[in-house]
Amino acid sequence: MRNYPIEKYRNIGIIAHIDAGKTTTTERILFYTGITHKIGDIDEGTTVMDWMVQERERGITITAAATTSFWTPMGLERKKEQEYRINIIDTPGHIDFTAEVQRSLRVLDGAIVIFDGVSGVEPQSETVWRQADKFNVPRICFINKLDRMGASFERSLESICQKLSPNAIPLQIPIGIESTFKGVLDLLTMKALYFEGDMGEKVVVKEVPAELLENAKKERGKLLEKIAAEDEKLLEKYLAKEEIATDDLRRVLRKATISYKLIPVFCGSSLKNMGTQPLLDGVCYYLPSPIDLPSIKGTDPKTGKEAERKTDDKEPFAALAFKVAADPYVGTLTYFRAYSGKLSRGSYLLNTTTGERERIGRILRMHANTKEEIQEVFAGDIAATVGLKSTLTGHTLCDENNPIVLEKISFPEPVISIRIEPKTKADQEKMSLSLRKLAEEDPTFRMKTDLETGETIISGMGELHLEIITDRMKREFKVEANVGRPQVAYKETIKEKAEAEGKYIRQSGGRGQYGHVWLRLEPKKRGEGFEFIDEIKGGIIPREFIPAVGKGVKEATEKGVVAGYPMVDLSAALYDGSFHEVDSSEFAFKIAGSMAFQAAAKRAKPVLLEPIMKLEVIVPGDFFGDVIGDLSARRGRIEETKDRINMKVIDTKVPLAEMFGYATALRSLTEGRGIFTMEFDHREEVPANIAQEIVEGKRR
């Protein structure tokens, strides 16, 4: 039986730039909802959500952690039927762990986006916002840290409206700012809220202070106008200057938030225990329950047609596995979001991505790294299970008799690689096993063996990402390894159209080998990947050999013609060829395809592509010139410089190859006062002189 009606469910994520206060806010939420009895502290390493050793040492979130809490909005009687069930996922802010945000947003219904009240919108805030846009996630904003020196609610709100969405509307304004910040003013109810008690747990409601009344009325007028514009009846009342009930305003604002027409903005200071309870009310009042959103759509694997599952316990079961984690006590943990139907422990499901059956032995509700056994899950639930054999991130689990394939989650390509070797013979086997486990867990982490040197190369999203991987390998899997210098994950592509023939003929006693193809290569736009096109007509090449040609071509793209890097952003069309009645085989056509591809690629003006990073550097004004000079020397393109309080902010695009060791360089240039954030932006052609050095270095 369901304990909570589905309309009282809220599946939310907490997303933001690194250091905006996601984990601090989550800790407050857990405390005020009674899940914990003591507020965890990041500096002391006592937070519930950052439970990994690596997270506590560095004071940052590395992996998305899930938990469940319960909340009754303020002013309502504390009864079970008034209570909301909030499933929360706390996500990392560091760009190296962007996959955690991507997969969390894919399965969530709503999000709280947190902003630093001093810095406003930062580069990573833009990235997570765009990710939320991609999955159409309704969201509310929380401007945090308003007690800090240099904080400004108006400036932060303006940066949200300018850079992210003009639909952001404040539901609160702060009472005081910086050291005088002492509460928030609710514009809907026109009440001042103060947070008293040792941990801000008592919310005291008072009248609006006289000095703020004029401004509050003006801001409320703007707010009412925006909300009323979303509903005809309200608009009539508003124009007739009638009083509008708070419940009506909330109802219309909720509808507008879910359809992404308005974005409510809250404010406070999580560290000083101010503003979290009204934010929780906002989650209950404005963010959607699973039934407020459109039904999930997928494909029927039998017919290939579109299939749909309504958010209903009576529908056939369908869920998406969004995270796989290696747990030292129970083995492999698979987190999943149930979209329809119900699931009991001991039942069997079909993994439609692999076609294999999976038995659900145990169902767990996760509270960060602690687990609670439950008997069944229902539509809208987020839970985990143990011991699935072939289920990975993005796979669909569903009722065996009603198969459906849900849309997979797409992840960015790695941009940086390092060579890694085991220290001893005993570590050799353990290393490949541990790396395979970590690769199953993290879709942006890849491992491969260099065929020429026999070395293992691991690739990821940044230096910190690979540092955490090697650290986890040491601690969790007890593998000692030597790690090489980081290297850029270059790619290759072509600039022109070209055609070439591939002929593979071998004659020995008895049956020979014969494969003959003509390929045409064409460049594609950046980021479009590789495509194999079959243009064979009239059976010039029998149908059974065409997949083999495709396979040969695909394998040939793994090793480019300039410096042996993988080839991307091009199409290969198979348009002609011939075959031999007796001697032709799949093997011969595979090799012919590979030969034709390499010959055509050499004629198509092949070039190297390098990752270009988006960089934001914040430095004191005295060091501005030195930092700009250093960035120019690193082939950086300065896009914009602006002032932020007494600091200079530099937005620039720099090739990743020039950014190794930048943290140390910036420290020495700015006496340790400069900070930077960096994220992958796009790939671009390497200048000819540098490409020459890369090719020669590779040959050496």
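Checked against the 6.0 Å centroid criterion, the rings of Phe676 and Tyr662 qualify as a close aromatic pair.
Atoms CD1 and OG, on Ile114 and Ser125 in that order, are 11.0 Å from each other to the nearest 0.5 Å. Rounding to the nearest 0.5 Å gives a distance of 6.0 Å between SG of Cys284 and OH of Tyr84. Here Thr23 contributes atom OG1 and Ile14 contributes atom CD1; the two are 8.5 Å apart, rounded to the nearest 0.5 Å. To the nearest 0.5 Å, atom OG1 of residue Thr652 and atom CE of residue Met678 are 11.5 Å apart. Distance check: Gln162 CD to Leu157 CG gives 10.0 Å after rounding to the nearest 0.5 Å.
Side-chain contact between Lys8 and Glu83: absent, with no pair of heavy atoms (C-beta onward) separated by less than 4.5 Å. Using a 4.5 Å heavy-atom threshold, the side chains of Ile112 and Leu279 count as touching. The side-chain heavy atoms of Lys653 and Leu615, taken from C-beta on, include no pair separated by under 4.5 Å. Put simply, the side chain of Thr641 does not reach to within 4.5 Å of the side chain of Val649, judged on heavy atoms. The closest side-chain heavy-atom distance from Ile177 to Leu146 is below 4.5 Å. Side-chain contact check for Phe31 versus Thr276: every heavy-atom pair is 4.5 Å or farther apart. Side-chain contact check for Val184 versus Ile175: every heavy-atom pair is 4.5 Å or farther apart. Contact check for Val121 versus Leu164: side-chain heavy atoms found under the 4.5 Å cut-off.
At least one donor-acceptor pair under 3.5 Å links the side chain of Ser159 to the backbone N or O of Ser156. Thr246 places no side-chain N or O within donor-acceptor distance of the main-chain N or O of Thr189, the cut-off being under 3.5 Å. Judged by distance alone, with hydrogens and angles left aside, the side-chain atoms of Arg635 form no donor-acceptor pair with the main-chain N or O of Glu658 at under 3.5 Å. Of the possible donor and acceptor atoms, one in the side chain of Arg28 sits under 3.5 Å from a partner among the backbone N and O of Leu271. No donor-acceptor pair under 3.5 Å is formed between the side chain of Ser165 and the backbone N or O of Cys161. Side-chain atoms of Ser119 never come within 3.5 Å of backbone atoms of Asp116 as a donor-acceptor pair (strictly under, hydrogens ignored). Checked by atom type and distance alone, the side chain of Thr180 never pairs as donor or acceptor with a backbone atom of Gly176 at under 3.5 Å. For the pair Thr24 (side chain) and Gly21 (backbone), a donor-acceptor distance under 3.5 Å is absent. Without hydrogens or angle criteria, Asp292 side chain to Ile258 main chain gives no donor-acceptor distance under 3.5 Å.
Residues Tyr32 and Glu201 bring no donor and acceptor atom of their side chains to less than 3.5 Å of each other. Neither side chain, Asn87 nor Arg10, offers a donor N or O lying under 3.5 Å from an acceptor on the other. A donor and an acceptor atom, one from each side chain of His465 and Glu467, are nowhere located under 3.5 Å apart.
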Give the C-alpha distance, both sets of side-chain angles, the deciding distance and a yes or no for salt bridge (charged side-chain N to carboxylate O under 4.0 Å, His left out) between Glu610 and Arg683. CA-CA 5 Å; Glu610 64 180 342; Arg683 287 185 187 276; over 6 Å; no
Intermediate values then yes/no, salt bridge (charged side-chain N to carboxylate O under 4.0 Å, His left out), Arg637 and Asp651: CA-CA 9 Å; Arg637 285 199 307 271; Asp651 286 333; over 6 Å; no
Could you go through the salt bridge (charged side-chain N to carboxylate O under 4.0 Å, His left out) check for Asp247 and Arg251 one step at a time? CA-CA 6 Å; Asp247 286 351; Arg251 176 180 52 77; over 6 Å; no
What's the verdict on salt bridge (charged side-chain N to carboxylate O under 4.0 Å, His left out) for Asp147 and Lys182, showing C-alpha distance, side-chain angles and the deciding distance? CA-CA 8 Å; Asp147 60 307; Lys182 54 180 184 281; over 6 Å; no
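Looking at every heavy atom in both residues, Leu105 comes nearest to Val137 through O-CG2, 3.7 Å.
Annotation: cation-pi pair Lys272/Phe181 absent, no NZ/CZ under 6.0 Å from the ring centroid and within 45° of its normal. Figure legend: cation-pi geometry between Arg250 and Tyr285, with NZ or CZ positioned under 6.0 Å from the six-membered ring centre and within 45° of its axis. Cation-pi contact between Arg139 and Trp129: present, with separation from the ring centre below 6.0 Å and deviation from the ring axis of at most 45°.
For Glu178 and Arg148, the salt-bridge test fails: no basic side-chain N is under 4.0 Å from an acidic carboxylate O.
By the 30° and 60° cut-offs, the orientation of the rings of Tyr286 relative to Phe266 is tilted.
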